[in-house]
Amino acid sequence: MTIAVEEVEFTYPGGANALRGVSLRIGSGEAVAIIGENGAGKTTLVKHLNGLLKPDKGAVVIGGNGNDAPWNTRDHSVAQLAARVGFVFQNPDDQILERTVRAEVAFGPRNLGMPEAEINAAVQSSLEQVGLTDAADNHPYDLLAPQRKLITLASVLAMRTPIVIFDEPTMGQDARSVARIGEIVKDLKSAGRTVLIITHDIDFCADHFERIVVMADGRVLADGAAEQVLTRTELLATTNVEPPQLVRLAQALGLPHAPLTIDGLVVTLLQ
């Protein structure tokens with residue numbers, strides 16, 4: 001399912017101009033990371049994709065590829081858009097409603113009208129993906145904040161939306177959970193679902209995302225292949241974003257190329 005953002009402008013009621021003529025097209029099945037310093041407009045932008053915010057000017061259109069009719073977000077409610085766009089909030093406490101982990105994960109699929117048997121299967125599968133099967137009957141707030149974030153991730157996975165958005169999914173997670181989230185991203189891509197992430201974890205971007213969008217001051221500064229964008233150190237410095245570790249290492253060694261993978265580094269060293 002495609003996403004089209006067309007010259008979108010948005011100003012918060014207090015007067016903060018958060019988006020300034022942003023245009024972006026994301027194809028069905030693409031994996032895109034949006035990076036930039038705090039206040040760049042990243043979260044404001046993705047909240048336009050599921051209708052939580054509506055543009056002051058411009059348009060956001062979801063779908064329009066194949067049999068999916070294009071939906072202008074101005075014409076559809078958040079509840080309607082939830083069938084197409086799953087959104088994992090940065091703060092899980094803004095998202096959790098139910099009294100057990102199982103009920104929380106089932107909430108979205110049930111509101112989408114899935115049959116009960118399909119809901120049960122989706123809940124079980126999603127809990128297994130995030131490693132919380134044993135906590136299914138616990139109250140969400142009996143779990144630590146990083147685990148609550150995994151609950152909200154499972155909730156969105158269970159909805160099986162064609163578009164999935166993660167806002168800082170690796171924040172506060174240990175290495176095992178970060179690896180697990182990486183596998184989930186890989187699975188979503190393999191299934192042909194469109195994946196967007198907002199993150200300050202640049203190494204995670206380099207490992208799992210082929211396209212990078214850099215934002216600053218409500219505008220898109222760069223949009224391209226990861227190996228091109230993440231090696232533009234001067235551009236990234238203007239947004240207070242450090243390049244991936246391997247890029248910094250390659251540049252410190254004076255290598256002619258700055259690879260994003262260990263294999264790429266080895267090849268470069270042998271040249």
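Residue K57 qualifies as open at atom NZ: its count of foreign heavy atoms under 6.0 Å is 12 or below. For D94, the CG atom counts as densely surrounded, since its 6.0 Å shell holds more than 12 non-hydrogen atoms of other residues, nucleotides or ligands.
Put simply, the side chain of H200 reaches to within 4.5 Å of the side chain of N38, judged on heavy atoms. Counting heavy atoms from C-beta outward, L132 and L127 have side chains that approach closer than 4.5 Å. Contact of the I165 side chain with the D167 side chain is not registered, since no non-hydrogen atoms from C-beta on lie closer than 4.5 Å. Using a 4.5 Å cut-off on side-chain heavy atoms (C-beta onward), R148 and D93 make contact.
Taken together through direct or relayed side-chain contacts under 4.5 Å among Ile, Leu, Val, Met, Phe, Trp and Tyr, V213 and F204 form parts of separate hydrophobic clusters. L49 and L157 fall into different hydrophobic clusters, defined by Ile, Leu, Val, Met, Phe, Trp and Tyr side-chain heavy atoms under 4.5 Å apart, directly or through other members. I3 and I198 fall within the same hydrophobic cluster, where Ile, Leu, Val, Met, Phe, Trp and Tyr residues are linked whenever their side-chain heavy atoms come under 4.5 Å apart, directly or through other members.
Side-chain atoms of R193 do not come within 3.5 Å of backbone N or O of V164 as any donor-acceptor pair.
Ring orientation note: the planes of W71 and H76 are close to parallel, at an angle under 30° on the 30°/60° scale.
Side-chain contact annotation: D187 with S190, donor-acceptor N/O pair under 3.5 Å absent.
In plain terms, the two heavy atoms of I119 and R110 that are nearest each other are CD1-CA, 3.6 Å.
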- Query: Taking it one step at a time, do T239 and E37 satisfy side chain to side chain donor-acceptor pair (under 3.5 Å)?
  - Reply: CA-CA 6 Å; T239 65; E37 62 184 327; over 6 Å; no

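Applying the salt bridge (Lys or Arg N to Asp or Glu O under 4.0 Å) test to residues at least two apart or on different chains, the pairs with a partner in residues 215-244 are R20-D217, R211-D223, D217-R219, E242-R248.
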